[in-house]
Amino acid sequence: FDGDLVKIAHPRRYTEGSELTVVALGAMAEAAVSVVRNHNYSVQVWNPFILNPSVLDPIIESVSSTGRLLVVQESGSTAGLGDRIISVVCRECFGKLKRAPALLSTPDIPVPFARELESHFLPSQEKIRDCIESMIGERCE
């Protein structure tokens, strides 16, 4: 860290691509990057990093170029900011969207305490891969 606070307040892009924009919040960023790199998808993975105040301009530019958005969050669909990000992107990029944005999240139920149940509860790399492939219309063998 070089002390420049302006750099911290902006979303971070981890991968380059032209087919899909993935916004991965928190711990989901590492999982999404791993999927994209392991399967060599042409996908941009972004982490907003700072959620309030949110700076979405780079993400909006990305969606404007890819035409597709997938938001992956560790929280339930009604408890996280995924719907908010999708709402802003839809307002700003509606005419450039090639398909409806998607949200991959945990179910809106209490988090299971047992580790075995929690692993099925959270968005896994397999679930992220399935969503990416659904969004770009391509299956990876």
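Annotation: side-chain hydrogen bond (donor to acceptor under 3.5 Å, both in side chains) contacts of Ser64 (sequence neighbours excluded): none. Residues satisfying the side-chain hydrogen bond (donor to acceptor under 3.5 Å, both in side chains) criterion with Arg91, sequence neighbours excluded, are Ser87. Under the rule for a salt bridge (charged side-chain N to carboxylate O under 4.0 Å, His left out), Glu116 has no partner lying at least two apart in sequence or in another chain. Qualifying side-chain hydrogen bond (donor to acceptor under 3.5 Å, both in side chains) partners for Ser77, counting only residues two or more places apart in sequence or in other chains: Asp108. Residues satisfying the side-chain hydrogen bond (donor to acceptor under 3.5 Å, both in side chains) test with Ser124, not counting sequence neighbours, are none. Residues that satisfy the salt bridge (charged side-chain N to carboxylate O under 4.0 Å, His left out) test with Arg13, not counting sequence neighbours, are Glu16.
Atom CD1 in Ile132 sits 11.0 Å away from atom OG in Ser42 (nearest 0.5 Å). Rounding to the nearest 0.5 Å gives a distance of 11.0 Å between CE of Met28 and OG of Ser105. Annotation: the span from His39 atom NE2 to Glu133 atom CD amounts to 7.0 Å, rounded to 0.5 Å. Atom CD1 of residue Ile136 and atom CD of residue Glu19 lie 4.5 Å apart, to the nearest 0.5 angstrom. Separating the CG atom in Leu97 from the CZ atom in Arg68 is a distance of 10.0 Å, to the nearest 0.5 Å. Here CZ of Arg129 is found 10.5 Å from CG of Asn38. Values are rounded to the nearest 0.5 Å.
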- side-chain contact (heavy atoms from CB on, under 4.5 Å) evaluation trace for Trp46 with Thr21: CA-CA 7 Å; Trp46 289 85; Thr21 301; 3.7 Å; yes

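Inter-residue side-chain proximity for Ile109 and Phe121 is flagged as met; some heavy-atom pair is nearer than 4.5 Å. Leu104 is not listed as a side-chain neighbour of Gln73, based on a closest heavy-atom distance of 4.5 Å or more. Side-chain contact check for Thr15 versus Arg37: some heavy-atom pair is nearer than 4.5 Å. A heavy-atom distance below 4.5 Å is found between the side chains of Val35 and Tyr41. Ser134 has its side chain within reach of Arg99: a pair of non-hydrogen atoms, C-beta onward, lies under 4.5 Å apart. Contact of the Pro11 side chain with the Leu56 side chain is not registered, since no non-hydrogen atoms from C-beta on lie closer than 4.5 Å. Cys90 places a side-chain heavy atom less than 4.5 Å from the side chain of Pro101. Residues Leu70 and Val23 form no side-chain contact, since every pair of their non-hydrogen atoms from C-beta on lies 4.5 Å or further apart.
Of the residues Leu103, Ile86, Leu20, the one that meets the side-chain contact (heavy atoms from CB on, under 4.5 Å) test with Leu69 is Ile86.
Across every non-hydrogen atom of Pro48 and Leu25, the tightest pair is CG-CD2, 3.5 Å. Closest approach of Met135 and Ala100 over heavy atoms only: CE-O, 3.9 Å. The heavy-atom pair separating Ala29 from Val45 by the smallest distance is O-CG1, 4.4 Å. Shown here for Ala32 and Ile128, the closest heavy-atom pair between the two residues is N-CD1, 4.1 Å.
Using modelled atom types, one finds no donor on one side chain facing an acceptor on the other under 3.5 Å when comparing Glu30 with Tyr14. Between the side chains of Ser62 and Gln44, at least one donor-acceptor pair of N or O atoms lies under 3.5 Å.
In Gln125, the CD atom is crowded: over 12 heavy atoms of neighbouring residues, nucleotides or ligands sit closer than 6.0 Å.
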